[in-house]
Amino acid sequence: MRVHVDAQKCQGHSRCYALAPELFDIDDYGNAHELNDGVVPAGLEDRARLAQANCPEFAIIIQE
Ligand code: SF4
């Protein structure tokens with residue numbers, strides 16, 4: 001599984017970072033980007049889905 005943040009959609013709420021800091025980091029403005037080239041480590045798939053479901057801008061893309 002891979003995650004990706006669409007920088008055009010991200011509005012910097014940082015919810016993804018709050019829910020899954022293993023998968024996302026944020027810049028000084030709260031805008032997020034994926035860690036580890038977006039590769040989701042085994043066991044964190046549910047966390048990736050939770051972050052996606054809680055992104056109000058639908059900015060998180062998951063590839064299974
Ligand atoms: S929750 Fe969505 S809009 Fe907010 S920082 Fe994360 S990707 Fe960006």
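Quick caveat, the model's predicted, so the values are computed rather than measured. Indexing begins at 1, ligand by ligand and atom by atom, following the structure's order.
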Give the numbers and elements of all ligand 1 atoms closer than 4.0 Å to a heavy atom of [X].
X     : answer
Ile60 : 7 (S)
Glu57 : 3 (S)
Ser14 : 4 (Fe), 5 (S)
Ala32 : 5 (S), 6 (Fe)
Gly30 : 5 (S)
Arg15 : 1 (S)

Closest approach of [X] and [Y], non-hydrogen atoms and distance?
X     : Y     : answer
Cys55 : Ile60 : CB-CD1, 3.9 Å
Asn31 : Gln11 : OD1-C, 3.6 Å
Ala48 : Val3  : CB-CG1, 3.7 Å
Val5  : Cys10 : CG1-CB, 3.9 Å

Evaluation steps, salt bridge (charged side-chain N to carboxylate O under 4.0 Å, His left out), between Glu57 and Arg15: CA-CA 11 Å; Glu57 307 299 333; Arg15 286 195 196 179; over 6 Å; no
Give the residue, atom name and distance (to 0.1 Å) of the protein heavy atom nearest [atom].
atom                    : value
atom 2 (Fe) of ligand 1 : Cys55 SG, 2.3 Å
atom 8 (Fe) of ligand 1 : Cys10 SG, 2.3 Å
atom 4 (Fe) of ligand 1 : His13 N, 3.2 Å

From OH (Tyr17) to CG (Asp25), nearest 0.5 Å: 5.5 Å
N/O/S atom of Cys16 inside 2.8 Å of atom 6 (Fe) of ligand 1, strictly under: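 An N, O or S atom of Cys16 is closer than 2.8 Å to atom 6 (Fe) of ligand 1, so yes.
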Heavy atoms from other residues, nucleotides or ligands near CG of Asp27 exceed 12 (cutoff 6.0 Å):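 Correct, the count exceeds 12.
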